[in-house]
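Letters A, B, ... mirror the listed sequences (proteins, then strands); counts begin at 1.
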Amino acid sequence: MLINSTMSGKKELFLPIHDNRVNLFVCGPTVYDNSHIGHARTYIFFDVVARYLKHIGFSVFYLQNITDVDDKIIDRAALQGISPRLLARTFEEKYREDMQALGVTNINYYARASEHIAEIISQIGRLIEKGFAYETQTGVYFDESRFGDFGKLSHQSLEDLEKHRIEPDPTKRNPGDFSLWKKRQDGPEVTWDSPWGKGRPGWHIEDTAITENYFGAQYDIHGGAMDLIFPHHEAEIAQMEATSGKKPLVRFWMHTGFLNVNGEKMSKSLGNFTTIRDMLQKFDADSFRFFVLSSHYRSPIDFSESALDQSRKSLERIRQAAKAIEEELERRRTSADEASQENENARAGLSEFRTKFLDAMDNDFNTPYALKAVFELVREVNRRINERSISKESLIEAGQLLDDFGRILGISFSVAQAGQSVSSGNNEDKTGNLIELLIDVRQKLREKKDWALADEIRNRLSEQGIVLEDAKAGGGRYSIKLSE
RNA sequence: GCCAAGGUGGCGGAGCGGCUACGCAAAUGCCUGCAGAGCAUUACCACUCCGGUUCGAAUCCGGACCUUGGCUCCA
């Protein structure tokens, strides 16, 4: 398969370093607040990366760090009068709940920065020994002038990087040198002993200490959003390649585009900051996943209510087809349909849709193109059902294809688990029985051609959010719209 | 200023050298008591601009313009 690497800017053939094993690392959140829908975009995408790589037979280990030692956490905790650890653990828990709610379920291990201090200290020590880092009164810094490749990922030269907006720490040798260890004491929970005195790690070092610990000096894929390319990922390259002397740190750098809101970057000052929790109050997780995956992962996407609405409706079309397949299969159970069987013989099989879907995914995770294949399958199956030219085998195959595609994308295409909650007519509860009763009465009215009353029942149920759909041969079905 | 990603039909969004997706919305027809769903067809076929390469460019090259982001907080 082909994967675009930020380093080369090109699609390259993906082969893991170790046989069949794929080591995947994605920068996790700094847990000082609720995660927002921009995080969700990135993490949903990499969840699909893991799902797909597993589907095509790789053994994937997906590692994510949790930044639970950080200035923002300390500041926020002080503001709220609670301990940094309590704050961090609280939002870490919420983050995990959010991921669960979004169907992001393929992360094998979350590594907390605070639980890898020994590894961090070890790596800093080796950097100093090799002359890539130095100690001052304020901390330990990486000397970028000693590492020739600095800037290679973001395509910037050292001269470009001389320009800076924040006044650099005066003890640093070069303005671009970044912090490995901060000599600060902000309370026992965020202060550790080190050969350079008490303090805490800088932001970049935790990731390479963690990946070195679990993956070694080199691994397959490192993911994150575009804004992390510089300086964060640049710093990771410098730290690990300087420590180990092995290049490259990572074979494939993958970066997701931004999620904007009405064309603007999401930010608290603009008031367009949407947390995952708030979003899920209004939209179901599957619709959001569909929205995320209907654009290419490197393109910017624009979040809006109408975009989400459109995604919901598009997804609904796939689910309608899944429903039609089930119903047709049910019908076949009671009566054999020789005609359909025979009519289909002239038709091609459905396997071409699997090929199209997998080809799209194989080409740098082109999820919009993969979704196209899903819709083409849907149309073909609908057509065949309508024309009575589909065999039982093809119905089963189509159902399996939809299931497989849904599993890879982490979206439920089947009716049963639909977010909109579509009930079929065999509810056990009393409400369901009442609705059944009304449908029965209405059916009798229809048989008597009392259209006025029949329509009134349908309209009034519709006002209650219960939508009736009449079938040709009586009975019919209904669905309950939970939202709105 | 430097670096990066973009500018495609009413909207969303693929394609990245030649037949133009896919979805949403719309129209007409079939089906239906009506509606919905489904199916078929349609809208006469859009690619920021200006040059160039080519038999042929949305797609390659050069140049402009615009948008968003990064430049040591950031998914």
Side-chain angles (χ1 to χ4, degrees), chain A residues 6 9 26-30 32 35-46 70-72 75 144 151 153-157 159-166 168-169 175-179 202-204 223-232 234-235 255-260 263-267 290-291 294-296 298-302 304 306-318 320-321 323-324 360 366-376 378-379 381-387 446 449-452 454-455 458-459 462 467-472 476-477 479:
Chain A
T6 307
V26 176
C27 291
T30 301
Y32 72 104
S35 300
H36 55 68
I37 54 179
H39 297 106
R41 191 233 176 140
T42 296
Y43 297 135
I44 285 171
F45 173 68
F46 284 105
D70 178 85
D71 292 349
K72 286 194 291 289
D75 294 348
E144 64 166 20
L153 184 67
S154 55
H155 312 288
Q156 288 172 290
S157 66
E159 295 79 72
D160 295 338
L161 299 173
E162 290 301 307
K163 301 196 174 93
H164 46 83
R165 294 197 299 206
I166 294 173
D169 184 294
D177 290 354
F178 54 87
S179 174
W203 175 40
H204 312 301
M226 297 244 181
D227 56 348
L228 294 181
I229 294 174
F230 186 88
H232 186 53
E234 209 72 76
H255 292 102
T256 53
F258 277 104
L259 180 148
N260 296 318
E264 291 173 316
K265 182 181 177 173
M266 213 170 21
S267 76
F290 189 97
F291 165 69
S294 58
S295 295
H296 190 83
R298 281 183 279 119
S299 304
I301 56 175
D302 202 48
S304 68
S306 66
L308 262 284
D309 261 0
Q310 201 169 297
S311 293
R312 201 197 68 235
K313 285 177 187 162
S314 302
L315 177 55
E316 196 54 38
R317 176 171 161 83
I318 300 171
Q320 288 287 357
K323 189 155 56 166
N366 192 334
T367 52
Y369 211 73
L371 284 172
K372 171 193 166 176
V374 177
F375 283 110
E376 285 176 348
V378 163
R379 186 166 54 191
V381 168
N382 283 336
R383 187 186 293 150
R384 290 190 194 186
I385 290 175
N386 254 47
E387 292 173 357
R446 289 181 69 210
K449 299 201 191 299
D450 188 342
W451 309 123
D455 286 355
R458 185 171 62 197
N459 290 339
S462 170
V467 180
L468 296 191
E469 287 178 23
D470 296 337
K472 276 174 200 160
R477 57 169 181 260
S479 59

Rounded distance in Å - [atom1] ([X]) to [atom2] ([N]):
X: A:D227; N: B:C71; atom1: CG; atom2: P; result: 8 Å
X: A:E144; N: B:U72; atom1: CD; atom2: P; result: 12 Å
X: A:F258; N: B:U68; atom1: CZ; atom2: P; result: 14 Å
X: A:N459; N: B:C34; atom1: CG; atom2: P; result: 16 Å
X: A:N366; N: B:C22; atom1: CG; atom2: P; result: 15 Å

So [X], base contact, sugar-phosphate only, or nothing? Heavy-atom distance under 4.0 Å.
X: A:S299; value: sugar-phosphate
X: A:H36; value: base
X: A:K313; value: sugar-phosphate
X: A:Y43; value: sugar-phosphate
X: A:L259; value: base
X: A:G224; value: sugar-phosphate
X: A:F375; value: sugar-phosphate

What I want to check is whether an N or O donor and acceptor connect the side chain of [X] with the base of [N] at under 3.5 Å.
X: A:R383; N: B:A40; result: no
X: A:D302; N: B:G12; result: no
X: A:R458; N: B:C34; result: yes

Indicate whether OP1 or OP2 belonging to [N] is found under 4.0 Å from a side-chain N or O atom of [X].
X: A:N382; N: B:C39; answer: yes
X: A:W203; N: B:C74; answer: yes
X: A:R379; N: B:C22; answer: yes

Under 3.5 Å on both distances, the Watson-Crick or G-U partner of B:A25: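 Result: none.
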- prompt: For B:C49, what is the paired nucleotide under Watson-Crick or G-U wobble rules, both distances under 3.5 Å?
  reply: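 By the stated definition (distances under 3.5 Å), B:G63 pairs with B:C49.
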message: Within the structure provided, determine whether A:F290 and A:L371 are in side-chain contact (heavy-atom separation under 4.5 Å).
response: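 In contact.
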